[in-house]
Number of protein chains: 2
Amino acid sequence: MTSSKTPNKSADDTDANAALESGRRRATINDIARLAGVSKKTVSRVINQSPFVREETRQRIEAVIAEWGYAPDPQARGLAFRRSFLIGMIYDNPNPQYVVNMQLGLLDGMRGSGFELVVHPCDRSSPTFLQDVRMFIERQKLFGVILPPSVSEDERVADLLRDIGCEYIRIASVPLDEEEHMIVGHDRLGAQAMGEHLVGLGHQRIGFITGLPSFRSSHERKGGFEDALAAAGLKLDADYVVQGAYTFESGLAAGEALLAKTPRPTAIFAGNDEMAAGVLQAARRAGLTVPEDLTVVGFDDFQIAQAVWPPLTTVHIPTRQVGRMATEKLIAREGHEPGDPASIIPHLVVRESSAAPKPV
Amino acid sequence: MTSSKTPNKSADDTDANAALESGRRRATINDIARLAGVSKKTVSRVINQSPFVREETRQRIEAVIAEWGYAPDPQARGLAFRRSFLIGMIYDNPNPQYVVNMQLGLLDGMRGSGFELVVHPCDRSSPTFLQDVRMFIERQKLFGVILPPSVSEDERVADLLRDIGCEYIRIASVPLDEEEHMIVGHDRLGAQAMGEHLVGLGHQRIGFITGLPSFRSSHERKGGFEDALAAAGLKLDADYVVQGAYTFESGLAAGEALLAKTPRPTAIFAGNDEMAAGVLQAARRAGLTVPEDLTVVGFDDFQIAQAVWPPLTTVHIPTRQVGRMATEKLIAREGHEPGDPASIIPHLVVRESSAAPKPV
DNA sequence: AAGGGAGTGGAAACCGGTGTCAAGAGCTTC
DNA sequence: GAAGCTCTTGACACCGGTTTCCACTCCCTT
């Protein structure tokens with residue numbers, strides 16, 4: 001029996017090795033186990049960094065893994081773990097540059113970790129929104145999800161995630177959840193810095209264009225601006241606050257409304273760069289020169305801020321770093337540095353669209 | 001024996017049902033089989049649309065599936081199928097709006113199909129580029145990949161994909177591969193339409209700014225323009241062609257170079273909207289009014305085309321539809337209409353940045 | 001009525017990993 | 001020197017599907 005089985009077995013081995021060596025087949029955990037002369041369970045232990053493996057054995061197995069370029073199959077592993085190695089980004093955000101930068105950041109944070117990013121744009125106002133999100137997560141058994149604004153600000157989503165026990169990170173401008181679930185963007189500080197810049201230049205009658213009220217950042221940016229005014233003993237005149245929608249067109253309209261006021265504001269702070277670009281347009285139509293006749297500033301420091309004339313003084317948001325921190329927090333990577341929280345604080349970028357007001 | 005087993009079995013059933021009904025557990029194929037009174041193989045046949053199931057049986061099973069909201073586990077299915085239900089988008093493209101629109105289109109094409117989109121930005125010039133791509137595909141056992149420009153134009157990638165037997169669709173402005181692997185964007189036709197527009201307005205001395213030479217679209221757009229000129233008996237003066245890089249800054253520089261020529265061109269056709277925005281800037285600096293003194297046109301019809309002054313006459317590229325067609329072709333969906341090939345042909349959008357040249 | 005083919009459904013193995021649990025090795029301890 | 005302990009290791013079942021193989025039912029020939 002034994003004697004007839006051994007040659008059989010080695011014949012099988014030879015076949016298996018041939019297929020492997022020729023590259024016709026990827027290595028499996030069984031191959032590695034066979035080549036290292038251990039059981040597949042022990043290989044599994046090495047992969048999962050179990051401490052119950054003798055150092056010598058571990059090194060032998062790791063050598064074989066390195067030699068044959070083995071990587072465990074995420075599907076099989078996921079099946080056994082009852083979850084996948086996919087991270088979902090669920091978003092409802094109109095700004096392509098934000099979305100792309102965020103994706104890049106998220107990928108930065110998971111590079112080399114074996115996780116992959118699955119994107120899921122959605123419509124928060126759809127009647128099937130929550131059901132869609134739930135299906136997406138449960139079907140794919142997502143490891144976790146990242147929620148940028150405005151999805152991050154939707155408590156229904158957070159409740160759902162807690163309910164189904166899915167890991168999540170919310171990216172928002174204010175803490176909305178326990179610290180372990182939040183990456184806070186501090187838009188307020190950025191807006192405050194901008195406010196100080198404007199006040200420092202000598203502006204006192206400053207128009208403000210808010211963003212979409214459905215985004216928390218709109219309120220934070222306005223709040224930060226008010227903080228800066230208050231610190232200088234000034235107050236935001238409600239008459240000089242106009243509602244915008246984070247779009248170029250809304251900025252144009254709001255800009256025209258503000259420029260029609262008497263007395264005219266000497267500066268306009270738009271809630272984002274797109275709207276600031278609209279204000280530049282409005283100023284041009286009104287025959288005003290920026291920054292001589294009017295200071296115009298934005299927020300975000302996206303590409304458009306440098307693609308208009310004059311280039312916009314704005315607040316830089318380190319979107320990519322924010323994304324990176326989000327995934328790192330989600331997968332709680334040991335190797336990686338925890339990431340400096342200060343690195344995600346927005347900062348002022350002074351360009352050519354801001355200057356001191358003309359002396360009266 | 002039988003009598004002692006039956007109660008046992010039904011007790012198990014009761015337990016299983018309890019867990020199911022309480023929502024503590026998702027339905028598995030075994031649950032559906034049990035509830036429908038068939039074997040799981042038969043359920044599997046229904047899911048995979050095998051013809052060898054009696055109509056009556058199929059309906060009964062489908063009813064149970066609908067009632068319990070069963071969806072097969074993609075990991076388990078993928079493990080057995082030896083591939084996943086993930087589609088990769090591998091791209092190296094600097095334009096966020098293109099990327100986001102393309103993603104939206106790809107998702108449009110796979111909605112409700114059970115596939116998910118995994119994004120994979122990359123750097124084509126990295127020394128590990130091909131290895132990265134290979135690893136990405138093989139580890140995840142991707143169902144297939146979508147390649148937008150400029151990755152689509154890289155023959156090394158195509159060779160790799162053929163080599164490892166991965167399904168793929170290349171999106172490019174010219175046919176680079178067999179029809180079944182291509183979605184052709186016809187940038188040439190769009191550029192030709194723009195050329196006709198300019199010639200029709202009466203322009204004869206037209207500057208052209210090319211895009212990155214590493215993108216096929218750069219050459220196609222120039223080629224289409226030349227086609228239109230040739231049809232009108234004109235020729236593109238090489239002296240009025242400047243190399244750009246698809247960025248605002250490069251458009252600004254190229255615009256300044258073109259405006260310095262004597263005689264000055266009466267129109268400038270930039271290879272994309274970003275560069276056209278740069279040209280607008282250059283014109284402004286040169287004290288020229290658009291379109292009275294100079295016609296400026298772009299290509300792509302991205303957001304920036306409407307966020308500058310004057311709004312750009314440009315060529316609209318239906319990126320999202322292109323993406324949708326790409327995934328539909330990849331997964332070869334029966335239910336879906338094949339998609340009208342005409343719907344992805346670019347078309348001219350006339351706005352305010354183009355006008356007839358001033359009479360001499 | 002027996003033979004044969006097509007249509008239908010089940011048992012068991014398999015995809016490539018993981019959890020559970022018990023057994024073997026090597027070392028103390030009394 | 002046997003019991004008792006910890007440290008390693010492997011056998012086996014399992015995750016939730018699919019595929020292979022086979023048996024059974026029908027139904028139509030001859």
Side-chain angles (χ1 to χ4, degrees), chain A residues 9 12 16 19-20 24-62 65 68-85 114 138-141 143, chain B residues 5 9 12 16 19-20 24-61 64-65 68-86 114 138-141 143:
Chain A
K9 189 162 175 278
D12 284 357
L20 246 190
R24 269 180 289 137
R25 196 165 62 76
R26 286 176 60 200
T28 70
I29 197 170
N30 288 307
D31 297 318
I32 303 301
R34 186 163 34 73
L35 292 162
V38 296
S39 76
K40 64 176 187 175
K41 178 64 209 178
T42 302
V43 178
S44 169
R45 285 203 180 88
V46 171
I47 292 168
N48 293 288
Q49 318 203 40
S50 156
F52 305 114
V53 180
R54 203 190 319 158
E55 187 52 32
E56 178 203 322
T57 313
R58 169 189 311 284
Q59 292 187 358
R60 181 155 39 97
I61 294 176
E62 279 174 348
I65 289 179
W68 292 86
Y70 167 72
D73 182 326
Q75 291 192 331
R77 220 147 90 94
L79 187 57
F81 273 139
R82 289 178 183 70
R83 57 180 173 68
S84 73
F85 294 91
E138 294 199 326
R139 269 198 73 147
Q140 304 298 326
K141 293 187 299 198
F143 176 89
Chain B
K5 201 174 181 182
K9 187 160 175 277
D12 283 356
L20 248 190
R24 269 180 290 136
R25 197 166 62 78
R26 286 175 60 200
T28 70
I29 197 171
N30 289 306
D31 296 319
I32 303 301
R34 186 163 34 73
L35 291 163
V38 297
S39 78
K40 65 177 186 174
K41 173 60 205 176
T42 304
V43 178
S44 172
R45 283 205 181 92
V46 170
I47 292 168
N48 293 291
Q49 317 203 39
S50 156
F52 304 114
V53 180
R54 203 188 320 159
E55 187 52 32
E56 177 202 323
T57 312
R58 169 188 311 284
Q59 292 189 358
R60 181 154 40 98
I61 294 176
V64 175
I65 287 179
W68 292 86
Y70 167 72
D73 182 325
Q75 292 191 329
R77 220 148 90 93
L79 188 58
F81 274 138
R82 290 175 184 72
R83 57 182 172 69
S84 72
F85 295 91
L86 301 175
E138 294 199 325
R139 271 198 71 148
Q140 304 299 325
K141 293 188 299 200
F143 176 88

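All figures in this text were calculated on a predicted structure; none of them were measured in a lab. Numbered from 1 within each chain, the chains take letters A, B, ... in sequence-line order. We use all heavy atoms of the structure for the numbers below, so side chains are in, but hydrogens, waters and symmetry mates are not.
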Tell me: [atom1] of [X] to [atom2] of [N], nearest whole Å?
X	N	atom1	atom2	answer
Gln59(B)	dT8(C)	CD	P	14 Å
Glu56(A)	dA25(C)	CD	C1'	13 Å
Glu138(B)	dG16(C)	CD	P	14 Å

**OP:** Could you walk me through whether Arg26(B) and Asp73(B) pass the salt bridge (charged side-chain N to carboxylate O under 4.0 Å, His left out) test, one step at a time?
**Re:** CA-CA 10 Å; Arg26(B) 286 175 60 200; Asp73(B) 182 325; 5.2 Å; no
Original post:
Are any of the side-chain heavy atoms of Asp31(B) and Trp68(B) separated by less than 4.5 Å?
Top reply: no
Subject >> Any Val46(A) side-chain heavy atom under 4.5 Å of Ile32(A) side chain >> reply: no
**OP:** Report yes or no: is the cationic atom of Arg77(A) (NZ for Lys, CZ for Arg) under 6.0 Å from the centre of the six-membered ring of Phe81(A), at an angle within 45° of the ring normal?
**Re:** no
**OP:** For each nucleotide in nucleotides 8-17 of chain D, reading 5' to 3', give B when a protein heavy atom comes within less than 4.0 Å of its base, S when such contact involves only the sugar-phosphate, and - otherwise.
**Re:** SBBB---BBB
Original post:
With Tyr70(A), which residues qualify under ring pair (Phe, Tyr, Trp, His ring centres under 6.0 Å), at least two apart?
Top reply: none
Sort me out a list of protein N/O and nucleotides 23-26 of chain D N/O pairs below 3.5 Å, or just none if empty.
none

Original post:
Counting only N and O atoms by type, is there a donor-acceptor contact under 3.5 Å from the side chain of Arg139(B) to the main-chain atoms of Pro74(A)?
Top reply: no
Original post:
Could you give the angle between the helix axes at the two ends of the helix from dA1(C)-dT30(D) to dC30(C)-dG1(D), with five pairs per end, rounded to 10 degrees?
Top reply: 60°
Original post:
Of the non-hydrogen atoms in Gln75(B) and Arg83(A), which two are nearest, and what is the gap between them?
Top reply: NE2-O, 3.8 Å
Subject >> Val43(A) and its side chain to side chain contact (heavy atoms under 4.5 Å, CB included) partner, picked from Ile61(A), Thr28(A), Asn48(A) >> reply: Ile61(A)
Original post:
Which residues satisfy the side-chain hydrogen bond (donor to acceptor under 3.5 Å, both in side chains) test with Ser84(A), sequence neighbours excluded?
Top reply: none
Between side-chain atoms of residues 50-57 of chain A and protein atoms elsewhere (two or more places apart, or another chain), which donor-acceptor pairs fall under 3.5 Å?
| unit_1 | atom_1 | unit_2 | atom_2 | d |
| --- | --- | --- | --- | --- |
| Ser50(A) | OG | Phe52(A) | N | 3.1 |
| Glu55(A) | OE2 | Gln59(A) | NE2 | 3.0 |

